[in-house]
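In what follows, a single structure is set out as structure tokens and then discussed.
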Amino acid sequence: MMVIQPIVQCVQLSKRYGKKYALNHLDLSIPAGKIVGVLGPNGCGKSTLFRAITGLIAPDEGELRVLGQPPGWQTNRHIGYLPDRARWYPRHTALQAFEWGASFLPGFDLEAAKTFAAYMDVDLEMSLAGMSKGQEARVMLILCMAPEVPLIILDEPFAGIDFISREAIISGMIDYLEDREVSILISTHDIQEVEGLFDYIVLMDQGKAIWSGESEELRGQYGSLHDVFRTFYKREWSR
Amino acid sequence: MNWRTFRKLVHHEWKLKGSRRRLDRSHTHRYGRLLYVALLALAGIGVATYFAINGQLELHQLWGVAIGFPYMLVVMGVLMLRREWENGTFGWWLTLPYSRLSLIGAKFFAAWLRTVAVSCVVYVVISLFAGILTLLVGGYSAEDVWVTMLAGLPLLGIVIGFSPIILSLSLLLATFHYTTLRVFSPILWIGIIGGLSTFYNGFQTFLPSYHMAQRFFSAQPGPLIPHLGAVLIGMVISWVIAYLFIRIAAYLLERKLSI
């Protein structure tokens, strides 16, 4: 039987900010080739996990392997990453942003980026300063999807974005996923719109993974993601 | 990283990409600042012209503007890094698949190139202004203009030569602010302000003067920069220290980042 190497593996991974654990002895193994929803309430460690995976921050303890290697700038060659609360250079046009991608992101397909832009209704000549948050989010998502990489990480890609942009982004992603073999990690609060996208789910709380597995299995046990949240995050739900 | 990619990184850093903080300001605030800068420049030109008309200005004194260069370099170095945070682009920048030394090194080189460009512009503007004063006000000769232009060259050469240490220290200062070691940031600021004061007090003897430039045109021309050897050795030592500062900044961004 062929053993598929996990795309991300954490063993007793910890990261502290002062006395507070953002990641608290996290044990997690995420299989390759899945669309993974990393879900949980604010401050549960989702963004910290993504930052550790991309080498933005160094964990205090434990072991982390990404694509079989310790994370760092070298492994970022194989990752498309949309940081949490990210923005783009205001004086760039969308085309200049994509040219930036073609210059610095290995495997970036400029033509694919232009195709995505047309599909997502992004004006290539418009400057980012003149765009709405939703339009800017589409540009940034294209920057993550245009490189030919095995792993894409999207940290809250729908935060603060209007319904139409969210729809455009999700349909763009579905279109993209049709012909690519890629693992995608997505953290989001907007579970209702994207629940159908996920085929693997990681539920986090207080820096730990409290449940991880196939989304079908989770739904089979607890119903919709809405119900899952109500069951797993009683404390937050009751606030 | 190959040279071509590094050159592209430097080019990316060289370009002005805008500031969200400035965009968020009202039009009145933005134009108010522009007006303020224009008024300052006009006041400078007005004062210099007034003293020139009254015969109280020696053209070489126009190089007094160089006194602002070290402070400009500090601001340039700090903003180079801080703008990534202000614009919300630090995540993109720091997850590029290149070492932190390359990333911060590209910012450093771009800042240094901007210093060279600003120095060239200042040199041309001061030279032109000296020429215009000579033509319009009188009391100055063509030789005065040439000597002034000559005196400016070594002065700006020294600014450009010593700018790496100030730029690298500014980048290091800005880096400290985003790390777990930000508590040391105020101490470093006190250090840099103290260092600049010492620079102004102690460096006078090493600076080129108008009279040396004047002598350059005499029958027995002397050097344009006093203690040239010491200045060059100092410059090389400052480059080594600048490299160390950049390495420390890269290490901090790699291991001590706090976000």
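Considering only heavy-atom pairs separated by less than 4.5 Å from chain A, the leading option among Leu257(B), Thr180(B), Leu94(B), Leu96(B) is Leu96(B). Interface check for chain A: of the options Leu16(B), Thr95(B), Asn87(B), the most heavy-atom pairs under 4.5 Å are formed by Thr95(B). Considering only heavy-atom pairs separated by less than 4.5 Å from chain A, the leading option among Lys256(B), Glu84(B), Arg83(B) is Glu84(B). Interface remark: of the candidates Ser47(A), Ala86(A), Ala22(A), Ala86(A) forms the most heavy-atom pairs closer than 4.5 Å to chain B. Ranked by heavy-atom pairs under 4.5 Å with chain B, the list Met140(A), Arg85(A), His78(A) is led by Met140(A).
Interface remark: Leu56(A) contributes backbone and side-chain atoms alike to the contact with chain B (heavy atom separation under 4.5 Å). Heavy-atom distances place no part of Leu103(B) under 4.5 Å from chain A, backbone and side chain included. Of the atoms belonging to Ser19(B), it is backbone heavy atoms, and not side-chain ones, that fall under 4.5 Å from chain A.
Taking the six-membered ring where tryptophan is involved, the planes of Trp88(A) and His92(A) are tilted, since the angle between them lies from 30° to 60°. Taking the six-membered ring where the residue is Trp, Tyr123(B) and Trp63(B) present parallel rings, their angle staying beneath 30° rather than reaching 60°. Relative orientation of the Trp85(B) and Tyr178(B) rings is parallel, given thresholds of 30° and 60° on the angle between their planes.
Summarising the geometry of Lys46(A) relative to Val38(A), their closest heavy-atom pair is CD-O, 3.3 Å, with the distance given to 0.1 Å.
At a threshold of 4.0 Å, the pair Lys114(A)-Glu111(A) counts as salt-bridged, since one of the basic side-chain nitrogens sits closer than that to a carboxylate oxygen.
A donor atom on one side chain and an acceptor atom on the other are found under 3.5 Å apart for Tyr243(B) and Arg247(B).
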